[in-house]
Every structure is written in C-alpha cells, then in structure tokens.
Enquirer: 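Take a look at this one; I'll ask things after.
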Amino acid sequence: MATQDGSGEVLMETEAKPEGAEPLGEDAGGEDAGGEDAEVHTDATTQDSSISNGDDADGQQEMVDLKIIWNKNKYDLKIPIDNTGAKLKESIHSLTGLPPSMQKVMYKGLLPEDKTLREIKVTNGAKIMVVGSTINDVLAVNTPKEAIQQEVKAEENKKEPLCRQKQHRKVLDKGKPDDIMASIKGVKERLPTVPLSGMFNKSGGKVRLTFKLEQDQLWLGTKERTEKVPMGSIKNVVSEPIEGHEDYHMMAFQLGPTEASQYWVYWVPSQFVDAIKDTVLGKWQYF
C-alpha cells in the first residue's frame, strides 16, 4: 500500500492469504491425502496379514523327517506326523514314481494305510522301507506264483488236513513247546519288534523267525545255523490251524519251485499269521 502502483497491496494480499488460507488448505489436503494413504495402507496390511496367517497355520503342523529307502536308493521326506499311511504312499509316489498300489511300505512290519504316523509311533529320522517294482516286472514275477498257489490249493483239497499227515504228526505229537509265545485266537496283529521264537521246525528242533525288513530278508534261525532268505525268492506261504490248538498254526515257506522245498514251522501264534504272509508276499500279490 506504500507504492502508487499497488504492489504493496498485492504483496500484503499475497502474504495474508497464507496466514488465513494455507492452514485450511493444508488441513484439507492433509486429510484427503492422509485418508487415501490410510486406505491403501489398510488394504496392504490386511493382505499381508492373510498371507502370514496361512503360513503360520502350515507351520503349526508337527512334521517328521523320514528316510525312504527303495531299490537301493535313499530319499529324504518331511511330512506332517498326522498324515496317514495312504498319504505317505502318495508322497513316496512323488519321490520315486512308484504307484501306491505297487508299494509295500514297512516300518516295524507292514505299515497300515488307515492309521496316522503318530498312531504307529513313527519318530524323526525313522527308516521307511519300500519294496515294489513296475507293473510289468510284478506280472512277470507273480504269474508263476499264481500258478503255484492254484496247484497247492488243488492238492490241499485232495489231501487230508495237514496236521493229520504222518510227516507232521511226528512233530506235533511232541506237544506244545514250553517257551512258545502266547497266542490270541481271533485277533490279527502286526509283526512284533522281536523275533518269533519257541517254535519247532520239521526235524523237531527249535526255530525262530526274524524279519529283516531293511534287507527284505527272512532269517530262519536254529541252534546250529541261520539261513538268510530273500523274501522275493519265497514262492508261497501256506498255513493251517493245528487241530485242538486252533490258536496256533503250522506254516510252510516255499523256497523253491516245488513242495519239496517247503520249510515247515510249527506252533506259530495265530495273531501273526496274516502279518507274516503280507510281509513276505506283499499285498499286491495275486492269490
């Protein structure tokens, strides 16, 4: 206002406006900008929180580290301990390419598909043995076994019960061994972690059965020697309850192409009979 051209008035107006208008403008602009920033920040926070929660949920599952051994190869596998045996087979399929239906999975006996790893007490670092071959290999191996099984059944139908035959009576007439393992009639159990002992062989001597799953072998042990038999070489397994003692069976492992190669074991506790057959022959066998 001191100048005649009005520059002073303009200057004062220019300086006055920031004092009265700028706070309002800054507040308004700050609120708008802050509102937009807050909205974007909230969305980002929500999205990050959702991802984190998902990761935390997966991380809360208790995991178990396993060593999968198949076909002389070893694989490391980490899965939830509450997965079932069937889920484990699917994981093994992903590792090896071996279809679940062709797998014989063993951990202290044949691993049940309907129970969880926690239920069967699988621990960290446990070795899981897997036996299995391609479909073509299995068919090639099992065709003769199927024929042998049919022949055995046909012969059994013609003969009197095994326990009445003279060759078996001379062992059975000795009576039940004093140190035989306890039996449970009408019950099916998995193989025990210790050898099956206290039984007789065909000569009347004591024999024990040891299942070396990590080597896929059956050890037939006597006082004199131990015969280590690859399970894949056993052509057939037959069994029959002992008359008058149906909670025990007599059982034969066919080690060669004919019945002459059968290795007989007497007084096998009945609760282990199915587990022995499944472990030696596998569930995929055609019989």
Side-chain angles (χ1 to χ4, degrees), residues 69-73 102-111 127-133 137-153 155-156 162 167-168 171 177 180-181 189-240 248-287:
I69 303 175
W70 172 69
N71 200 21
K72 297 182 179 179
N73 295 317
M102 305 299 292
Q103 297 175 22
K104 182 166 69 171
V105 181
M106 291 173 289
Y107 176 75
K108 297 180 181 179
L110 201 65
L111 188 140
K127 292 182 179 179
I128 305 296
M129 309 303 302
V130 181
V131 180
S133 304
D137 290 340
V138 171
L139 290 176
V141 170
N142 286 305
T143 298
K145 288 190 177 184
E146 180 182 5
I148 291 171
Q149 180 71 17
Q150 290 175 348
E151 291 175 5
V152 169
K153 287 184 178 179
E155 288 298 319
E156 287 177 349
L162 293 171
Q167 60 174 327
H168 302 303
V171 179
I180 192 66
M181 296 180 70
E189 292 187 357
R190 299 173 61 199
L191 290 177
T193 55
V194 297
L196 295 175
S197 60
M199 300 166 291
F200 287 144
N201 59 18
K202 195 171 182 178
S203 63
K206 287 294 183 68
V207 64
R208 64 184 176 276
L209 304 179
T210 305
F211 295 86
K212 291 291 184 178
L213 302 181
E214 67 277 7
Q215 301 172 28
D216 200 31
Q217 292 179 346
L218 169 61
W219 290 11
L220 305 170
T222 63
K223 184 178 180 180
E224 294 77 21
R225 59 177 300 207
T226 297
E227 186 174 356
K228 301 177 181 180
V229 182
M231 292 189 195
S233 70
I234 299 175
K235 304 299 181 184
N236 194 26
V237 180
V238 297
S239 68
E240 180 183 288
Y248 288 95
H249 281 226
M250 49 189 292
M251 177 174 283
F253 301 93
Q254 188 166 326
L255 308 181
T258 65
E259 289 186 8
S261 65
Q262 288 178 332
Y263 187 99
W264 284 95
V265 179
Y266 303 87
W267 303 101
V268 179
S270 61
Q271 68 267 28
F272 300 128
V273 169
D274 286 343
I276 291 173
K277 289 181 178 180
D278 286 343
T279 300
V280 173
L281 297 177
K283 286 188 174 181
W284 65 70
Q285 304 289 345
Y286 296 94
F287 48 92

Enquirer: Mark yes or no for whether K108, through its side chain, and L191, through its backbone, hold a donor-acceptor pair below 3.5 Å.
Expert: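 No, because the side chain of K108 does not come within donor-acceptor range (under 3.5 Å) of the backbone of L191.
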Enquirer: Restricting to non-hydrogen atoms, name the atom on L281 and the atom on K104 that form the minimum distance, rounded to 0.1 Å.
Expert: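 The pair with the smallest heavy-atom distance is C-NZ, 4.3 Å.
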Enquirer: Starting at CZ of R208, measure out to OG of S197 and round the result to the nearest 0.5 Å.
Expert: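 Rounded to the nearest 0.5 Å, the CZ-OG separation comes to 8.5 Å.
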Enquirer: Could you pull out the closest heavy-atom pair between N201 and V207, with the gap in Å?
Expert: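 So the two residues come closest at N-CG1, 3.8 Å.
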Enquirer: How many angstroms lie between CG in L220 and OG1 in T226, if you round to the nearest 0.5 Å?
Expert: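 It comes to 8.5 Å.
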Enquirer: Side chains of Q167 and K202: is there a donor and an acceptor less than 3.5 Å apart?
Expert: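 Yes, K202 and Q167 have a side-chain donor paired with an acceptor closer than 3.5 Å.
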Enquirer: Mark yes or no for whether T279, through its side chain, and I276, through its backbone, hold a donor-acceptor pair below 3.5 Å.
Expert: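 Looks like no, no N/O pair under 3.5 Å.
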Enquirer: Hey, mind stepping through M199 and Y266 against side chain to side chain contact (heavy atoms under 4.5 Å, CB included) and telling me if it holds?
Expert: CA-CA 6 Å; M199 300 166 291; Y266 303 87; 6.0 Å; no
Enquirer: F272 versus L196: any side-chain heavy-atom pair under 4.5 Å?
Expert: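 Heavy-atom side-chain distance check passes, below 4.5 Å.
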Enquirer: How long is the span from the CD atom in Q215 to the CD1 atom in I69, to the nearest 0.5 Å?
Expert: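 Reported value, rounded in 0.5 Å steps: 10.5 Å.
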Enquirer: Taking all non-hydrogen atoms of both residues, which atom of G256 and which atom of S261 are closest, and how far apart?
Expert: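 Distance-wise, the nearest heavy atoms are N-OG, 2.7 Å.
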Enquirer: For L110 and R190, which heavy atoms make the closest approach, and how far apart are they?
Expert: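 Of all heavy-atom pairs spanning L110 and R190, the closest is O-NE, 3.7 Å.
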Enquirer: Locate the shortest heavy-atom distance separating V265 from F253; write the atom from each residue and the value.
Expert: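 The answer is CG2-CE1, 4.1 Å.
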Enquirer: With rounding to the nearest 0.5 angstrom, report the CE to OH distance, M181 to Y248.
Expert: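 M181 CE to Y248 OH: 9.0 Å, rounded to 0.5 Å.
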Enquirer: Measure the spacing between CE of M129 and CE of M106 and express it to the nearest 0.5 Å.
Expert: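 M129 CE to M106 CE: 6.5 Å, rounded to 0.5 Å.
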Enquirer: For the residue pair M231 and L213, establish whether any side-chain heavy-atom pair is separated by less than 4.5 Å.
Expert: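 A side-chain contact exists here, since the closest heavy-atom pair is under 4.5 Å.
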Enquirer: Nearest 0.5 Å please: distance from the CE atom of M250 over to the NE2 atom of H168.
Expert: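 If we round to the nearest 0.5 Å, M250:CE and H168:NE2 are 4.0 Å apart.
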Enquirer: Taking the side chain as every heavy atom from C-beta outward, state whether L218 and Y263 have any pair of such atoms under 4.5 Å apart.
Expert: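 Side-chain contact under 4.5 Å: no.
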Enquirer: So, Q262 side chain and A252 main chain: donor-acceptor pair closer than 3.5 Å or not?
Expert: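 Checking the backbone N and O of A252 against the side chain of Q262, no donor-acceptor pair under 3.5 Å is found.
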Enquirer: Determine the minimum heavy-atom distance between K206 and P177, stating which atoms define it.
Expert: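 Here K206 and P177 meet closest at CE-CB, 4.1 Å.
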Enquirer: Give me the one residue out of I234, N236, V238, V237 that meets side-chain contact (heavy atoms from CB on, under 4.5 Å) with Q254.
Expert: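 Per the side-chain contact (heavy atoms from CB on, under 4.5 Å) rule, the option paired with Q254 is N236, out of I234, N236, V238, V237.
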